[in-house]
Amino acid sequence: MVSYKELGLVNTREMFAKAIKGGYAIPAFNFNNMEQLQAIIKAAAETKSPVILQVSKGARNYANQTLLRYMAQGAVEYAKELGWEHPQIVLHLDHGDSFELCKSCVDFGFSSVMIDASSLPYEENIALTKKVVEYAHQFDVTVEAELGVLAGVEDEVSSAVSHYTKPEEVVDFATRSGCDSLAISIGTSHGAYKFTPEQCTRDPKTGKLVPPPLAFDVLDAVMEQLPGFPIVLHGSSSVPQEYVDMINSLGGKLPDAIGIPEEQLRKAAKSAVCKINIDSDSRLAFTAAVRKVLTEKPGEFDPRKYCGLARDFMEELYKHKIIDVLGSDGKA
Ligand SMILES: [Zn+2]
C-alpha cells in the first residue's frame, strides 16, 4: 500500500472547488509514453497550471501500469526541477471498469479514480460507484463517476450512440453514490471522429464539417440540480484542423475528422465543468510531427528526432489548451 501523498501527488477535491469558484477547468491529459508526459509537465510547469495525468486501460496495456505510476512519481520531481515549487499533479485512473481495478490503483498510489459504470443499469451504477467511493475515501482518494453515455471510441470504451445525462437523476445519483465529481453526457464524444458527416452541416466556404453544438441546456439543468458540484466532460478534443491537414498533406488519411469547437469548451470551463479530458488532440499533434520529420528527412532513423518534434508539438498544444481554452494558467 502506497499513499499518493508520499509521492507528492494531490487529489482533486480542493482543485475542483477552486476551479468552480474561479470559472476555469483543470486539464486532464492522457499519457502513454515519456515524451507525452514530458510535454504535459513542461506545459503545466511553465504555465503554473494544475494538471491531471490520466491512465486509461489502453495506456496500461501499452505501457504497463507499474511503469506508468513510477513515471508519474518521477513527473512530480521533474516538475520541481523545472522550478515548479509545489506541483499540483493528480494521478487519475481513466474509465476504471471494476472495483478491483479501482482498488488496485488506490493501493498503488493513484490520487483519483474513475469508476465508469455508466453502461450498467442505474441502480447497479450507484451500487458499484458507492463501493468504490467507500474504499477510496478511506485513503482520501477522490472518485469520478459517470451518468449518461458518450458516443465514440476511446481505447476500449466505445458506444455507437450517446444518451444525454438525465438532469432529474443527478441529485439522487450523487447523494447515494457519494462520488466527488460526475462525468455527464451533453454531446461530447470519444475519439477523432466525434460526429458522422450526417450529424454535421458543411461550411459552404471551406467545405469543412461543422459539428452540432453541445447541449448546454442539459448542463444548465444539471447545475441547477447540483449547485457547485464538480462536473466533468470526457471526449473533449477539438481535433485541430492544422494537424489534420498536415497529416493528410504528408500521406495520412483522416477524412472528415472532427471535434468539439474550442469556444464551446471555453464556455463550459467557465461553468461548474471543472475537468476537461483531452486525448485525441495530442495523438494528432504527435502523428503530424512524426510524419513531418520522416517525410522531410527520409534518411532520418533516430527516434529522438521525430519523437522530439512530437514532444514540442504536444507541449505547444497543451499550453494552448491551458491558456486559451481551460483558463487554468497561473492557478497552481
Ligand atoms: Zn472518457
Side-chain angles (χ1 to χ4, degrees), residues 4 9-20 25-31 50-57 59-60 72 88-106 108-120 122 124-150 154-155 157 165 169-171 173-186 188 190 219 222-223 226 228-236 268-269 271-279 326 328:
Y4 66 87
L9 298 162
V10 298
N11 70 18
T12 60
R13 194 170 293 118
E14 198 185 334
M15 203 180 263
F16 285 173
K18 282 188 188 162
I20 293 175
I26 313 292
F29 297 132
N30 289 74
F31 80 106
V51 71
I52 298 172
L53 301 174
Q54 296 203 136
V55 175
S56 69
K57 191 172 192 172
R60 291 197 314 278
Q88 297 283 301
I89 301 174
V90 173
L91 179 60
H92 175 76
L93 170 68
D94 193 18
H95 290 287
D97 56 3
S98 70
F99 171 78
E100 291 69 29
L101 173 59
C102 292
K103 178 182 181 298
S104 81
C105 286
V106 170
F108 196 45
F110 280 59
S111 59
S112 178
V113 292
M114 177 190 193
I115 175 68
D116 178 2
S118 61
S119 61
L120 298 179
Y122 180 74
E124 288 174 43
N125 187 354
I126 291 183
L128 181 51
T129 302
K130 186 169 189 273
K131 191 175 173 190
V132 171
V133 167
E134 282 173 354
Y135 186 77
H137 279 185
Q138 295 176 63
F139 307 98
D140 205 18
V141 169
T142 40
V143 179
E144 175 183 326
E146 179 163 325
L147 196 54
V149 177
L150 271 71
E154 178 195 37
D155 290 342
V157 181
T165 303
E169 288 180 348
V170 295
V171 173
F173 184 88
T175 312
R176 287 171 57 205
S177 72
C179 64
D180 299 284
S181 60
L182 188 61
I184 62 168
S185 172
I186 59 165
T188 60
H190 290 128
L219 174 60
V222 168
M223 290 193 297
L226 282 176
F229 194 82
I231 302 299
V232 176
L233 291 187
H234 280 242
S236 296
S271 71
V273 170
C274 57
K275 172 176 179 269
I276 293 186
N277 291 7
I278 296 167
D279 187 7
L326 308 188
S328 60

Restricting to non-hydrogen atoms, name the atom on [X] and the atom on [Y] that form the minimum distance, rounded to 0.1 Å.
{"X": "C102", "Y": "G96", "result": "SG-CA, 4.4 Å"}
{"X": "F229", "Y": "A174", "result": "CZ-CB, 4.1 Å"}
{"X": "V113", "Y": "C105", "result": "CG1-CB, 4.0 Å"}
{"X": "A117", "Y": "L128", "result": "CB-CD2, 4.0 Å"}
{"X": "R176", "Y": "Y122", "result": "NH1-CE2, 4.5 Å"}
{"X": "N11", "Y": "D140", "result": "ND2-O, 2.9 Å"}

Do [X] and [Y] make a side-chain contact, defined as non-hydrogen atoms from C-beta onward lying under 4.5 Å apart?
{"X": "V141", "Y": "Y4", "value": "yes"}
{"X": "S236", "Y": "N277", "value": "no"}
{"X": "P230", "Y": "D180", "value": "no"}
{"X": "E14", "Y": "K18", "value": "yes"}
{"X": "L101", "Y": "K57", "value": "no"}
{"X": "T142", "Y": "F16", "value": "no"}

**Request:** Name the orientation class of the two ring planes belonging to H190 and H95 (parallel below 30°, tilted from 30 to 60°, perpendicular beyond 60°).
**Result:**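 Rings of H190 and H95: perpendicular, over 60°.
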Working to the nearest 0.5 angstrom, can you tell me the gap between [X] [atom1] and [Y] [atom2]?
{"X": "F29", "Y": "I276", "atom1": "CZ", "atom2": "CD1", "result": "10.0 Å"}
{"X": "S112", "Y": "L91", "atom1": "OG", "atom2": "CG", "result": "9.0 Å"}
{"X": "R13", "Y": "S111", "atom1": "CZ", "atom2": "OG", "result": "11.0 Å"}
{"X": "L93", "Y": "S104", "atom1": "CG", "atom2": "OG", "result": "8.0 Å"}
{"X": "H234", "Y": "E144", "atom1": "NE2", "atom2": "CD", "result": "4.0 Å"}
{"X": "M114", "Y": "T129", "atom1": "CE", "atom2": "OG1", "result": "9.0 Å"}

**Asked** When you look at I26 and L326, which way does the side chain to side chain contact (heavy atoms under 4.5 Å, CB included) test go after all the steps?
**Response** CA-CA 7 Å; I26 313 292; L326 308 188; over 6 Å; no
**Asked** Under the criterion side-chain hydrogen bond (donor to acceptor under 3.5 Å, both in side chains), which of H137, K131, K130 is the partner of E134?
**Response**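 Option passing the side-chain hydrogen bond (donor to acceptor under 3.5 Å, both in side chains) with E134: K130.
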**Request:** List the steps, then state whether side chain to side chain contact (heavy atoms under 4.5 Å, CB included) holds for V55 with F110.
**Result:** CA-CA 10 Å; V55 175; F110 280 59; 4.0 Å; yes
**Distance-only side-chain donor-acceptor flag, K275 / Q54, under 3.5 Å** =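 Checked: K275/Q54 side chains pair up, N/O donor to acceptor below 3.5 Å.
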**Message:** If the test is side chain to side chain contact (heavy atoms under 4.5 Å, CB included), which one of I126, T165, V222 qualifies with L147?
**Reply:**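 For L147, the side chain to side chain contact (heavy atoms under 4.5 Å, CB included) check succeeds only for T165.
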**Request:** Look only at the side chain of T12 and the backbone of M15, and say whether a donor-acceptor pair between them is shorter than 3.5 Å.
**Result:**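 No; judged by distance alone, with no hydrogens or angles, the pair does not exist.
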**Item:** Pair V90-V10, side chain to side chain contact (heavy atoms under 4.5 Å, CB included): steps then yes or no
**Value:** CA-CA 5 Å; V90 173; V10 298; 4.0 Å; yes
**Prompt:** So L219 and S271, side chain to side chain contact (heavy atoms under 4.5 Å, CB included) or not? Walk me through it.
**Reply:** CA-CA 9 Å; L219 174 60; S271 71; 3.7 Å; yes
